[in-house]
Protein chains: 2
Amino acid sequence: MPNADKDGQPKARLSREALVTSAIALADTEGLEAVTVRRLAQQHSVAPTSLYWHFRDKERLLDGIAEHLLQQVEVPEHPDGDWPEQLRDILARIVVVLRAHPAAAQLIPTRLLASPAGLAVTDRTLALLKEAGLPAERIAGTAMFLLGAVVSMIAAEPGRQLPQDKEEREDAVRVKRALLSALPPRNLPVVVSFADHLCDCADPDTYYDFNLDVLVAGIARMAATPSR
Amino acid sequence: MPNADKDGQPKARLSREALVTSAIALADTEGLEAVTVRRLAQQHSVAPTSLYWHFRDKERLLDGIAEHLLQQVEVPEHPDGDWPEQLRDILARIVVVLRAHPAAAQLIPTRLLASPAGLAVTDRTLALLKEAGLPAERIAGTAMFLLGAVVSMIAAEPGRQLPQDKEEREDAVRVKRALLSALPPRNLPVVVSFADHLCDCADPDTYYDFNLDVLVAGIARMAATPSR
DNA sequence: ACCTGAACACCGTTCAAGT
DNA sequence: ACCTGAACACCGTTCAAGT
């Protein structure tokens, strides 16, 4: 039985789908730099070079991750609410998906136009900015900026970069807070006074809510100002 | 003469400063993935392992790049204008520095609290959000988000990712525009109609100006709404 | 104090070959 | 159609050793 692993179970055939899925899992647990052709092959009990039947190169594998995530962003067919609500809605949907896969999130911005799913999200964002009445020459750039900014919210969340393990994480937060608190208040008064909030985000949900509001409010304001 | 290169010129001694500088140059011309311990060593006619005298590991070298860039962001000692003007000013100063080094820009967000220069920029941003009257619990998270969003503006600029060489770049733009224009307008009407602006940013200066305005206007709006 | 050389474990990728 | 094995050029990093 050449196609069975040590448990005698039939060895699952390799597929793009399966590889992308385990690549995302690997990024979730160990970070994007752990996503490696060789480690992926190992997890599937297969030679490293086997992956090249399914992906032209590693870049295409990463494209596959981005596409898989973007497919999870539902673009509502029959949305309700005015454009600011709808814009906030589509951006918030992206946030929800990417918060579940923070390490892979950084793959998104450069790949928004590289898959049907990414194009659907982009089309919706462009349409809403058009409805808002932004100057035509500003719509494309602003859409790409908004989508990029939403992704950067994940990386900028205070307390990301620290370990995931709870206990280990608490230790790291304590150390970091101590370091920031010990900085000279003469030079850095505000950093010192906000040391706690800079080290760890007490309320991530509100962090995301508030910053989404900042973006939508900013667009509303600029849409209301006729080209100045 | 053991310390002279083939031109007989005295070989410059290795230093953190010199290594960081050429690392940035390498990132500028060939991208961040070209910044490699071994290539850097080669450029300085030195064994790869020599770098480890000056940097504990590659991560520290990247920290050095981020710090070097952040040092170029001048934080005005005696700023004038109201807080929205000052906030826009500090964010715009970051943009100016990072536009000159777009490949290295992505190193910044995770390292804002890791150097005196980064801390100075962060302190100023925090101070301005405080002056704006944001709720205290939102200031730290919003500052990190703003600084991250400014960095993501560089990566999100339409037409980045394409080659730098002018002729080669024009070809790439044509191809990409053709691809987007050929998409089914039934599904993606707005993407198709904005194909041109999505492929290439006709006016980068205005792109940055406008999106900086979006951010500052958004903050102003949220500061004016008392916690709802 | 500063740099080298040998060595190690790990990468992505090609190509001819197997089934 | 799908996978393997050998091979290649390239990574980051250690450590004992040289000057």
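You'll find that the side chain of K58(B) is closest to dG12(D), out of dG12(D), dG12(C), dC3(C). Of the candidate nucleotides dA1(D), dT13(C), dC11(C), dC11(C) has the atom lying nearest to any side-chain atom of R39(A). Comparing dG12(C), dG5(C), dC3(D) by their closest approach to the side chain of T49(B) singles out dG5(C).
No donor-acceptor distance shorter than 3.5 angstrom exists from the side chain of S115(A) to the backbone of R111(A), with no hydrogens or angles considered.
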Quick one, L215(A) with R88(A), criterion side-chain contact (heavy atoms from CB on, under 4.5 Å). Give me CA distance, side-chain angles, the key distance, then yes/no.
CA-CA 8 Å; L215(A) 288 177; R88(A) 198 188 190 287; over 6 Å; no

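When each of R169(A), R174(A), R177(A) is tested with D200(A) by the rule side-chain hydrogen bond (donor to acceptor under 3.5 Å, both in side chains), just one qualifies, namely R169(A).
Atom-to-atom, CG of L51(A) to P of dA1(D) comes out at 19 Å; the value is rounded to the nearest Å. Between L14(B) atom CG and dC2(C) atom P there is a gap of 10 Å when expressed in whole angstrom units. In this structure, R56(B) atom CZ and dC15(D) atom P are separated by 13 Å, rounded to whole Å. Atom pair H44(B):NE2 and dC2(C):C1' shows a separation of 15 Å (rounding to whole Å applied). Protein atom CH2 of W53(A) is 14 Å distant from nucleotide atom C1' of dA17(C), rounded to whole Å. In this structure, CG of L40(B) is placed 14 Å from C1' of dC11(D), rounded to the nearest angstrom. Taking atom CZ on F55(B) and atom P on dT13(D), their separation rounds to 12 Å, with Å as the unit. Distance, D57(A) CG to dA9(D) P: 20 Å, rounded to whole Å.
A salt bridge does not link R56(B) to D63(B): none of the charged side-chain nitrogens sits closer than 4.0 Å to a carboxylate oxygen. Under 4.0 Å is where a charged nitrogen must lie from a carboxylate oxygen, and between R138(B) and D209(A) no such pair does.
A donor-acceptor contact closer than 3.5 angstrom links the side chains of H44(A) and S22(A).
Nearer to the 5' terminus of DNA chain D, by closest-nucleotide assignment, is the contact made by A47(A) (compared with the other of R38(A) and A47(A)). Residue order along DNA chain C, read from the 5' end via each residue's closest nucleotide, puts S15(B) first among V37(A) and S15(B).
Within 6.0 Å of the CD atom in Q161(B), the count of heavy atoms belonging to other residues, nucleotides or ligands exceeds 12.
Of the side-chain N and O atoms in H54(B), none sit less than 4.0 angstrom from OP1 or OP2 of dA1(C).
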How would DNA chain D look in dot-bracket form, 5' to 3', counting Watson-Crick and G-U wobble pairs with both distances under 3.5 Å and writing | for bases paired to another strand?
||.|||||...|||||.||

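Not a single donor-acceptor pair, N or O on each side, falls under 3.5 Å between the base of dG12(C) and the side chain of T36(A).
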